[in-house]
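So the structure is just underneath, and the comments pick up after that.
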Amino acid sequence: MSIQTAFHESLPYIDPEPTQQERAAAEAEIANELATFQPPELPPFREPKLSPLIEAELERISRKEPLQAIDLSRYEAQELPSASTSTSSEDPSAAVDALASTLRKAHASHTYLTTRLQNLRLLDKWGRNAWLLGNYALETDLRALEKDLAHAKAQIDVLNIARRRAQDDAAGEMASLADAWRRGVARVLETEVAVENLRKEVLVEMHRRARMTTATATAG
């Protein structure tokens, strides 16, 4: 698909500002164009095909139920099952399962706390330097962006100055051409008026001669 370059016919440094009447007329033309404009029809909407997991999640959100994706109880301090619960159970395997579940949760909690302690020690040792280095990198990026912005603004200023200089240089020629065009149109109108007057004079003369010829033939 080719990219069409937009050409603006306005010359802001030569053309005068439009009057209120001209602006109102232009806005009226735009309103008329918008009233008759018909946007293209959109393609038909396709029903989404969601997976069962996504549908279940959307149903949970519609019911406003909290997310239960992670069992946070495994990171809490674990306690052994009470002795009364273990002894009163008729099935010994149930007590074993309860102890195994408690042990697994205790292992997960211990792993989490150990890793967190290591991270806190690393943060205490290297966190300040990492934070300062991060700030330095951000400041470097900010200075680079500010430099690019200043360069872009300078290029815009240079372009505006060059555009104004070019339009100021061409203003005299544009004015003379516009004046020559107006004089040419005026001469064309004057010529058309003169031709029309001459045509009328010719018609009057032809009618006069026709009457004279008719009168001479009648007298003879």
Side-chain angles (χ1 to χ4, degrees), residues 1-51 53-55 57-58 60-62 64-72 74-75 108 111-179:
M1 182 178 179
S2 62
I3 300 177
Q4 297 181 357
T5 304
F7 294 96
H8 300 280
E9 298 181 356
S10 62
L11 299 174
Y13 300 108
I14 298 178
D15 295 338
E17 289 291 329
T19 61
Q20 293 295 334
Q21 293 78 7
E22 293 173 346
R23 186 179 296 275
E27 291 178 352
E29 291 293 334
I30 294 174
N32 293 334
E33 181 69 19
L34 292 176
T36 58
F37 174 72
Q38 295 293 335
E41 296 184 358
L42 297 177
F45 177 73
R46 294 183 300 176
E47 291 292 336
K49 297 181 180 179
L50 304 177
S51 64
L53 291 177
I54 297 297
E55 291 181 354
E57 182 64 16
L58 292 177
R60 181 194 65 79
I61 294 175
S62 64
K64 298 182 180 181
E65 296 180 356
L67 180 63
Q68 301 291 341
I70 301 176
D71 184 12
L72 300 179
R74 68 180 67 183
Y75 303 110
T111 304
Y112 166 74
L113 293 176
T114 302
T115 305
R116 181 170 176 79
L117 179 60
Q118 292 176 354
N119 291 333
L120 290 175
R121 288 174 178 173
L122 291 173
L123 180 63
D124 183 61
K125 184 176 182 181
W126 305 106
R128 180 177 180 275
N129 293 335
W131 179 72
L132 293 175
L133 289 175
N135 288 344
Y136 176 77
L138 291 177
E139 290 176 356
T140 303
D141 294 340
L142 178 60
R143 285 192 294 269
L145 292 175
E146 290 177 346
K147 183 179 179 180
D148 294 341
L149 178 61
H151 180 65
K153 288 183 177 180
Q155 287 183 330
I156 292 174
D157 293 338
V158 171
L159 179 60
N160 289 332
I161 292 173
R163 182 181 299 166
R164 179 159 192 169
R165 184 176 301 166
Q167 293 187 19
D168 289 342
D169 294 340
E173 183 179 1
M174 293 285 293
S176 62
L177 290 175
D179 186 61

Check your understanding: So does Arg143 pair up with Glu146, basic N to acidic O under 4.0 Å?
Key ->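 Judged by the 4.0 Å cut-off on N to carboxylate O distance, Arg143 and Glu146 do not form a salt bridge.
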
Counting heavy atoms not belonging to [X], are there more than 12 under 6.0 Å from its [atom1]?
X: Glu65; atom1: CD; answer: yes
X: Glu55; atom1: CD; answer: yes
X: Gln155; atom1: CD; answer: yes

Check your understanding: Name the one of Arg165, Arg163, Arg164 that satisfies side chain to side chain contact (heavy atoms under 4.5 Å, CB included) with Ile161?
Key -> Arg165

Check your understanding: Who are the side chain to side chain donor-acceptor pair (under 3.5 Å) partners of Gln38, not counting sequence neighbours?
Key ->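 For Gln38 there are no side chain to side chain donor-acceptor pair (under 3.5 Å) partners, ignoring immediate neighbours.
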
Check your understanding: Does Arg23 have any side chain to side chain donor-acceptor pair (under 3.5 Å) partners at least two apart in sequence or in another chain, and if so, which?
Key ->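 Side chain to side chain donor-acceptor pair (under 3.5 Å) list for Arg23, sorted by chain: empty.
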
Quick one: [atom1] on [X] to [atom2] on [Y], what's the gap to the nearest 0.5 Å?
X: Arg116; Y: Thr111; atom1: CZ; atom2: OG1; result: 15.0 Å
X: Leu58; Y: Ile54; atom1: CG; atom2: CD1; result: 6.5 Å
X: Leu34; Y: Glu27; atom1: CG; atom2: CD; result: 11.5 Å
X: Thr140; Y: Leu133; atom1: OG1; atom2: CG; result: 10.5 Å
X: Leu159; Y: Ile156; atom1: CG; atom2: CD1; result: 8.0 Å
X: Leu149; Y: Leu145; atom1: CG; atom2: CG; result: 8.5 Å

Review point. Are side-chain heavy atoms of Ile61 and Glu57 found at a separation under 4.5 Å?
Key: yes

Review point. Closest approach of Arg60 and Pro66, non-hydrogen atoms and distance?
Key: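 Shortest heavy-atom separation between Arg60 and Pro66 comes out as NH1-C, 3.5 Å.
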
Review point. Where is the tightest heavy-atom contact between Gln167 and Tyr13, given as atom of each residue plus distance?
Key: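 It is OE1-N, 3.0 Å.
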
